[in-house]
Amino acid sequence: MNNVFKNLADSLSGEFKKFNLEENVQFSLSKLDKYDLQINNLVKYNQKIFFTKLQDRIIEVIKESKVFNTIDKNEVGFINLCLNHNFLKNEITNTSNDFINNKQYKIIFDYGGPNIGKPLHVGHMRTLNIGRSLYNIHTFINNKVISDIHLGDWGMPIAQIISYLEKENIDPKKLDSSQLEIIYPKASEEYSQNNKFKTRAQAINKLLNEGDETQLNIWKIIKSVSVKNLEENFKVFNHKFDYWLGESDVNDLIPGMIESLIKKNKIIKDEGALISAEDSDPKILITKSDGSYLYITTDLATILYRQQNIGYDKAFYIVDNRQSLHFKQLFDSIKYFEFNDLYHEHISYGTLNDSKGNPFKTREGGTKPLSELYEESYEYIKNINKKLSTSIISQLTNSVLTFSDLITNRKTDYKFDLEKFTSVNGKTGIYVQYSQVRANKLINNIDMQYKEVNDLILNEVDKQLLSKLFLFSYYLEQSASLNEPHHLANYLYEISNLFNQFYENEKISNITDLNHVSSKLYIANLFLTTSQNTMFCLGISPVTEM
RNA sequence: GCUCUCGUAGCUCAAAUGGAUAGAGCAACAGACUUCUAAUCUGUAGGUUAUAGGUUCGAGUCCUAUCGAGAGCGCCA
């Protein structure tokens, strides 16, 4: 919450403490139309002798704060509140400044990166969108954030590609990214069908683990081709990363890590492989029987790497639902191996399906590249308004791809319905952009700058919009504490809709009273700031015209 | 077989660590434009929260069972 609400909630919790009650007082959205917020913490004590005394004391503290101008109690114990707009207009800005007193955490975002060699496909979109949004949200509330794309640049997929180049006599130096994209599926198929190829790929994987120079040189070439291609792609989608580390970067830490775990009896031999000695079902495999490394091996070493080289309070892994077992095993192991007590969370998300609910495929049946989804959306949006410039269309395309991805809870699978998502009405990226452009134009058209207003002049719609704007931090708090951007995405729709009502309801150009115009302008300006900052938190850039 | 996630309006989804009368969008129907860009707004209708029990002042939310859907389950990542 912003400083205003947070300070009040803290002092209210203090009042409970005086009655020896541990209550973390929270403001909830009101269930009743007349009110903005409610407090529920008192309800459970309504049979106690001290109830009335406590309730009176709480109300008194709320009154002193001036945050609310209507404070109603009832016998059940609910406290119903209306925001004091005139007071809050000088207290709340809906900018990062409102959150300056937040306790600061250093957070690493691990994007469970794309695999080099494989093109970016639609499945990568959610990691990128959710990751960018959470990164921006935590930036906004003054946490220290670090993103690491954490490339899948190690292990069997790479070994398969190298084996394929070897088998087909392809000179790695002449590779380009489009060839690489074709090679991986072929190599993967060969691996599953050709035993000799499989054995060779496994051997190459082991050689890479051991630092074999010849193999490493080929690997370096493949990686640089792939990274260059990824960088170009990310530019289109407006994604950036602080670190471009990968699984390969921790390879040198692994032998020491394994050795020390063996010494501490934390890992043991099992059918030739090394497994965690922790009693778990299923067993946690740490290395293969030929000694080469696995997904969890590099992820464990990455924890050590980050402790030593970056330092952090929290690490968020933005990876899809299906890998939940892996992360459960990883997090269990961190504790069991006594690596650290830091906070690790799997930010899991559901599958992106096509409009019929089936996995996304190209017409030929292959995995659908992300660029294809982008192009389809781009064409669709171009047809909404033929006068738009290419840069605006591409910004709108990104808005649609981002907003539609974040509007539903990340944990559920969702269907990508292009027609629905590019609609000008409803909860879409187009609608929220339009509202923001409309506000911008309105403010610029009024022949007067907003200056201080002593008293706001508000009709019912103005009040509703303003209340919602003052509640920005409530939605931000939910998104930040649960790492769920959809609360803010829905909020953005709600304020946009209320702004459009505000716009239609009373024409500012018809108002003659200057104080009234000023009051209207204040609301429009606060909407614009809030809308654009919410967009920032979602990873959407506001367009200037449309 | 074992484990995990889920089941809310015709469709797509919300509902802060259990709180008052379960809310939105789309689609449907009925309205509002010589406009501060109608790319908008207003209104109507739509529910036994899969089913059956349980926990308590109170359950969409917690527990148990059943039915249904999806995902995962040591040498892939």
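Throughout, a chain's letter reflects where its sequence line sits, starting with A, and its residues are numbered from 1.
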statement: Taken to the nearest whole Å, CZ/A/Phe327 to C1'/B/rA77 is 10 Å
task: Run the ring-centre check on A/Phe197 versus A/Tyr191 and record whether the distance is less than 6.0 Å.
output: no
task: Have a look at A/Gly155 and say if it touches a base, only the backbone sugar-phosphate, or nothing, with a 4.0 Å heavy-atom cut-off.
output: sugar-phosphate
query: So what does A/Gln26 touch, heavy atoms closer than 4.0 Å: a base, only the sugar-phosphate, or nothing?
result: base
message: Would A/Arg438 pass as a cation-pi partner of A/Tyr503, given that its NZ or CZ must be under 6.0 Å from the six-membered ring centre and within 45 degrees of the axis?
response: yes
- prompt: So, is A/Lys427 close to the B/rA14 phosphate, meaning a side-chain N or O under 4.0 Å from OP1 or OP2?
  reply: no
- prompt: Ring centroid separation for A/Tyr431 and A/Tyr434, is it under 6.0 angstrom?
  reply: no
query: Between CG of A/Leu442 and CD1 of A/Ile508, what distance do you get to the nearest 0.5 Å?
result: 4.5 Å
Side-chain ion pair, A/Lys206 and A/Glu210, N-O less than 4.0 Å: yes
- prompt: Between B/rA24 and A/Asn490, is there an OP1 or OP2 to side-chain N/O distance shorter than 4.0 Å?
  reply: no
query: With sugar-phosphate meaning primed atoms plus P, OP1 and OP2, does A/Gln323 contact a base, only sugar-phosphate, or nothing at under 4.0 Å between heavy atoms?
result: base
- prompt: With sugar-phosphate meaning primed atoms plus P, OP1 and OP2, does A/His486 contact a base, only sugar-phosphate, or nothing at under 4.0 Å between heavy atoms?
  reply: sugar-phosphate
task: Check whether any side-chain N or O of A/Asn425 sits under 4.0 Å from OP1 or OP2 of B/rU40, and answer yes or no.
output: yes
- prompt: Taking for each residue the nucleotide of RNA chain B with the nearest heavy atom, is it A/Val25 or A/Val424 whose nucleotide lies nearer the 5' end?
  reply: A/Val25
message: Whether the A/Tyr45 and A/Glu23 side chains hold a donor-acceptor pair (N or O, under 3.5 Å, no angle test) is what I'd like checked.
response: yes
message: If the condition is ring-ring contact (aromatic ring centres under 6.0 Å, His included), which residues does A/His124 pass it with, not counting sequence neighbours?
response: A/His121
message: Stacking between A/Tyr493 and B/rG25, defined as ring centres under 5.5 angstrom apart with planes under 30°, is that present or not?
response: no
- request: Both distances under 3.5 Å, Watson-Crick or G-U wobble: on that basis, could you give the dot-bracket string for RNA chain B, with [ ] for crossing pairs and | for other-strand partners?
  value: (((((((..((((.....[...)))).(((((.......))))).....(((((..]....))))))))))))....
query: Could you write nucleotides 1-8 of chain B as a row of B, S and -, 5' to 3', where a protein heavy atom under 4.0 Å of any base atom gives B, of only sugar-phosphate atoms gives S, and otherwise -?
result: --------
task: Give a yes/no answer on whether the side chain of A/Tyr293 brings an N or O atom under 4.0 Å of OP1 or OP2 in B/rC75.
output: no
